[in-house]
Structure formats: C-alpha cells, structure tokens
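Notes to accompany the following structure.
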Amino acid sequence: MKAPITVSVTGAAGQIGYALLTRIASGSMFGPDQPVNLRLIEIEPAMGALEGTVMEMDDCAFPLLNEIVPTCDLNEGFRGADWALLVGSVPRKAGMERADLLGINGKIFTGQGQAIAGNAASGVRTLVVGNPCNTNCLIAMNNANGIPNEQFFAMTRLDENRAKSQLAAKAGVHNSAVTNLCIWGNHSATQYPDFTNAKIDGKLVTEVISDRAWLEGEFISTVQQRGAAIIKARGQSSAASAANGVVDTIRSLTTPTPEGDWTSVAVCSDGSYGIPEGLIASMPIRSDGQNWSIVQGVELDDFSRTKLDASVAELSEEREAVKDLIPS
Ligand code: NAX
C-alpha cells in the first residue's frame with residue numbers, strides 16, 4: 001500500500017465540501033490505490049455541522065480513508081498537507097459591494113496562506129475554489145512565504161466543463177468529443193470560454209458549428225451565467241458539479257494531459273499572452289503528471305483578445321483593491 005496523501009479542505013461543512021469529501025475518500029481524486037488523510041477545516045460556528053459530515057464519512061467505511069481530523073485551528077488543519085483545497089469563504093450578502101467581499105475574504109486568505117507556509121509539506125499544492133477565487137488565491141500565494149508560486153491554482157475547470165457540455169449539445173455530440181477548450185481570465189462574469197481554438201472530434205468548433213452569432217452571444221453568456229441559472233433553479237448554488245470540477249482539476253494536474261489537448265486552470269502569470277506577471281489568470285495548461293506548463297502559441301483573434309483583455313483588466317482592478325493584503 002502507498003503512504004497516505006494528506007488533503008486539507010476548508011469550508012468542509014459547506015455544500016461543496018459535502019459533495020467533495022466522498023469523492024476524495026472514494027479514490028476518484030488520487031486513484032483507487034492511494035490512501036488519504038483528510039484534515040477538515042471550518043469556522044467555530046460550523047463545527048457542529050462538520051461533526052455530522054464526519055459521522056457520515058465514518059459511516060461510508062471508505063477503504064482508502066486513513067484518518068479524518070475536523071478542526072477550526074488553521075495550524076492543525078494544514079499540518080503536513082500535500083494538497084490544500086480552499087473552498088470556504090464568506091458569501092456575498094445583499095448590499096455588499098464587490099470590494100467589501102474582496103476585503104472580507106481577503107483577510108481569510110492572508111491567514112490561510114500563512115498557515116499553509118507554516119505547517120504544510122514543502123511541496124504542498126493549493127487550489128482555491130472560494131470566491132472570488134483568483135484574487136483569494138493571489139492573496140494566499142503572496143502570504144505563503146517559501147512556497148513557490150507554481151504551487152498555487154484557482155479553479156476554472158467547472159467553467160470549462162460547462163462550456164464543453166454546451167458545445168456538445170449544440171453540435172449533437174458527446175461531451176468527450178470536445179477538446180482544447182480554454183477558459184481565459186477570471187472566474188467571474190468576464191471569463192472568456194474560447195470557442196475559436198476549441199475542437200470537436202479534432203475539427204475547429206467554428207467549422208462544426210456555423211452559427212457564429214450563437215457562439216459569440218448565447219454560448220458565452222450561458223457559460224458565464226450558468227452559476228446564477230443553477231441558483232435560480234435549485235435555490236442553492238452548484239455543489240456536485242463544483243466538487244467534480246475540483247476532482248477534475250487535480251486529476252488533470254497529477255496525470256499527463258492527452259496529446260495535443262489542454263485544460264483550464266488559473267495560475268500565476270509569467271507574462272504569457274500579455275497577462276501581467278503575478279496575476280492569477282486562467283490559461284491553457286498541460287501537465288506531465290508532475291509539473292505543469294502554460295501552452296504557448298495559442299492564437300487569439302481580435303474578438304478573443306478583446307474578451308481576454310476585459311477579464312484581465314478586472315483581475316488587475318481586484319489586485320489593486322486588495323493591495324494592502326499583499327506584502328511587497
Ligand atoms: P457554503 O456556504 O455551503 O459553504 C462554505 C463553508 O465555508 C461554510 O461551511 C462556512 O462555515 C465555511 N467557511 C467560511 N469561512 C471560513 C473560513 N474562514 N475557514 C474555513 N471555513 C470557512 O458554500 P459552498 O456552496 O460550499 O461554496 C463555497 C465557495 O465556492 C463559495 O465561495 C462559492 O462562491 C465558491 N464557488 C466557486 C466555484 C468555482 O468554480 N471556483 C464554483 C462553485 C462555487 O460557487
């Protein structure tokens with residue numbers, strides 16, 4: 001048997017946590033022969049609910065679950081972590097400005113970045129899901145002294161999966177036929193699901209779907225607004241699909257990317273595609289199973305460039321709004 005991997009999850013008593021923990025402990029995330037330790041982090045008022053989640057995890061009697069530790073202490077929660085999944089954050093409430101939300105959540109991610117640096121394994125990789133996830137990731141990364149920037153990610157995989165499913169439905173094919181779908185920029189309403197480089201059965205989407213007005217209009221807005229549509233229909237935000245996005249992101253980072261394809265995840269920009277260095281922006285990524293790299297040379301036409309620039313401008317504004325939380 002392999003040595004267990006330690007996974008820390010914040011917001012573990014929330015909706016996404018509920019859907020995610022069983023996927024980790026059942027082997028969906030790291031494979032059917034990889035034992036896991038789970039360290040579940042919550043705020044004090046949610047510790048009772050977390051206890052209930054832990055009882056259910058016990059009742060699953062997962063063969064791969066080695067240990068489960070519920071805690072509201074960040075140092076204990078991130079101790080020895082190989083992966084830190086930062087899901088918990090404070091939702092936007094009525095009357096709250098975006099800047100207020102950035103400030104409130106920013107403070108959470110300052111402390112979590114510091115606690116990761118102080119307690120986790122040196123190779124720890126961090127995936128931020130809690131919104132605004134790109135900028136929360138930026139804050140955590142800049143407060144995690146000694147942990148390389150390449151080990152920080154923010155999730156746009158749910159958006160990629162949503163976009164693939166919309167294109168597949170329009171073309172009347174299975175979603176597995178859709179490849180090379182990149183979400184560019186911010187995980188927000190400005191994100192750009194790039195249909196110009198995506199493929200269906202190896203052909204450019206634009207050759208398969210001739211309805212350019214649909215691609216530029218309804219397709220993009222459906223992907224951008226899918227979260228809101230799910231809230232309207234379900235009365236709660238997406239949870240199972242978000243948890244699935246986390247599993248897919250980590251599998252894509254830890255297994256080789258299929259030849260010729262790429263996947264979307266927000267990473268620290270090195271200046272590629274004119275995205276200012278240091279911003280956490282979603283780009284096309286390939287992995288060899290250990291290390292990842294940004295795919296270079298993806299062509300952006302004028303339409304794509306305008307969309308990407310708008311999303312990057314929003315990321316720059318967010319960075320400006322939280323600059324006090326980023327040590328220089
Ligand atoms: P819930 O409100 O169900 O759960 C959030 C949990 O986080 C709560 O249990 C809360 O007690 C906990 N929490 C709050 N502050 C914390 C802190 N400082 N430390 C530890 N735990 C803390 O939300 P849920 O539906 O699970 O969504 C979680 C986050 O994911 C939200 O910010 C949401 O906006 C974001 N999402 C991000 C997505 C993405 O693609 N990046 C998509 C899905 C989701 O909307």
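No hydrogens, no waters, no symmetry mates; every other heavy atom, side chains included, goes into these values. Counting convention: from 1, in listed order, for ligands and their atoms alike. Residues: numbered from 1 along the sequence shown. Just so it is clear, the model here is predicted, and its values are computed rather than measured.
Nearest protein neighbour of atom 4 (O) of ligand 1, counting heavy atoms only, is G14 CA, 3.2 Å. Among protein heavy atoms, atom 2 (O) of ligand 1 sits closest to P91 CG, 4.9 Å. Scanning the protein heavy atoms around atom 37 (C) of ligand 1, the nearest turns out to be V129 O, 3.0 Å. Among protein heavy atoms, the minimum distance from atom 17 (C) of ligand 1 is reached at I43 CG2, 3.5 Å. Shortest contact from atom 31 (C) of ligand 1 to any protein heavy atom: S89 OG, 3.8 Å. When hydrogens are left out, the protein atom nearest atom 9 (O) of ligand 1 is E42 OE2, 2.5 Å; that is the closest non-hydrogen contact. Among all non-hydrogen protein atoms, the one lying nearest atom 25 (O) of ligand 1 is Q15 NE2, 3.1 Å. H187 NE2, 3.2 Å is the protein heavy atom nearest to atom 39 (C) of ligand 1.
Of all the atoms in ligand 1, the ones that sit under 4.0 Å from a non-hydrogen atom of C133 are 41 (N). Residue contact check: L158 has heavy atoms under 4.0 Å from atoms 42 (C) of ligand 1. Taking every heavy atom of I108 and a limit of under 4.0 angstrom, the matching atoms of ligand 1 come to 18 (N). When each atom of ligand 1 is checked for a heavy atom of A242 under 4.0 Å away, the hits are 43 (C). Shown in contact with G130 at under 4.0 Å from a heavy atom are these atoms of ligand 1, numbered in order with element: 29 (C), 30 (O), 32 (O). Within ligand 1, counting atoms from 1 as listed, the ones closer than 4.0 Å to a heavy atom of A46 are 11 (O). In the vicinity of S237, heavy-atom distances shorter than 4.0 Å reach the ligand 1 atoms 25 (O). Counting atoms of ligand 1 from 1 in the listed order, those under 4.0 Å from a heavy atom of V87 are 28 (C), 29 (C), 30 (O).
Contact analysis leaves A239 out of contact with ligand 1, as no non-hydrogen atom separation drops below 4.0 angstrom. Residue contacts with ligand 1 include A13, since one or more of its heavy atoms lies under 4.0 Å from the ligand. Residue-ligand proximity: G245 is placed with every non-hydrogen atom at 4.0 Å or more from ligand 1. For the pair Q112 and ligand 1, a heavy-atom separation below 4.0 Å is found.
Checking Q191 against S311 by side-chain atom types alone, no donor-acceptor pair falls below 3.5 Å. Between the side chains of N186 and E318, at least one donor-acceptor pair of N or O atoms lies under 3.5 Å. Side-chain contact check for N37 and N66: at least one donor-acceptor pair (N or O, by modelled atom type) lies under 3.5 Å. Side-chain N/O atoms of R157 and S264 include no donor and acceptor closer than 3.5 Å.
E67 CD: more than 12 foreign heavy atoms inside a 6.0 Å radius. Within a 6.0 Å radius of CZ in R319, more than 12 heavy atoms belonging to other residues, nucleotides or ligands are found. Heavy atoms of other residues, nucleotides or ligands lying less than 6.0 angstrom from CD of Q296 number more than 12.
When distances from atom 21 (N) of ligand 1 to the protein are checked, a heavy atom turns up under 4.0 Å.
Ligand 1 has an N or O atom lying under 3.5 Å from an N or O atom of G11, backbone or side chain. For I16, a nitrogen or oxygen atom sits less than 3.5 Å from a nitrogen or oxygen atom of ligand 1, counting backbone and side chain alike. The shortest N/O to N/O separation between S238 and ligand 1 does not fall below 3.5 Å.
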Worked verdict on D82 versus R125 for salt bridge (Lys or Arg N to Asp or Glu O under 4.0 Å):
CA-CA 6 Å; D82 298 299; R125 283 177 281 178; over 6 Å; no
Can you list the steps and then say if D73 with T71 is a side-chain hydrogen bond (donor to acceptor under 3.5 Å, both in side chains)?
CA-CA 5 Å; D73 179 290; T71 181; 5.1 Å; no
Checking R79 against E76 for the salt bridge (Lys or Arg N to Asp or Glu O under 4.0 Å) test, could you report, in this order, the C-alpha distance in whole Å, the side-chain angles of both residues, the deciding distance, and whether it holds?
CA-CA 5 Å; R79 193 157 299 140; E76 192 186 4; 5.5 Å; no
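Under the side chain to side chain contact (heavy atoms under 4.5 Å, CB included) criterion, R212 pairs with F195, T196, T206, E216, D301, F303, not counting sequence neighbours.
Residue contacts with ligand 1, taken as heavy atom pairs separated by less than 4.0 Å, involve N131 via backbone and side-chain atoms alike.
Pairs of residues two or more places apart, or lying in two chains, that qualify as salt bridge (charged side-chain N to carboxylate O under 4.0 Å, His left out) and include a residue from residues 161-178 are D159-R162, E160-K164, K170-D211.
Put simply, the side chain of N134 gets close to the backbone of G185: a donor and an acceptor are under 3.5 Å apart.
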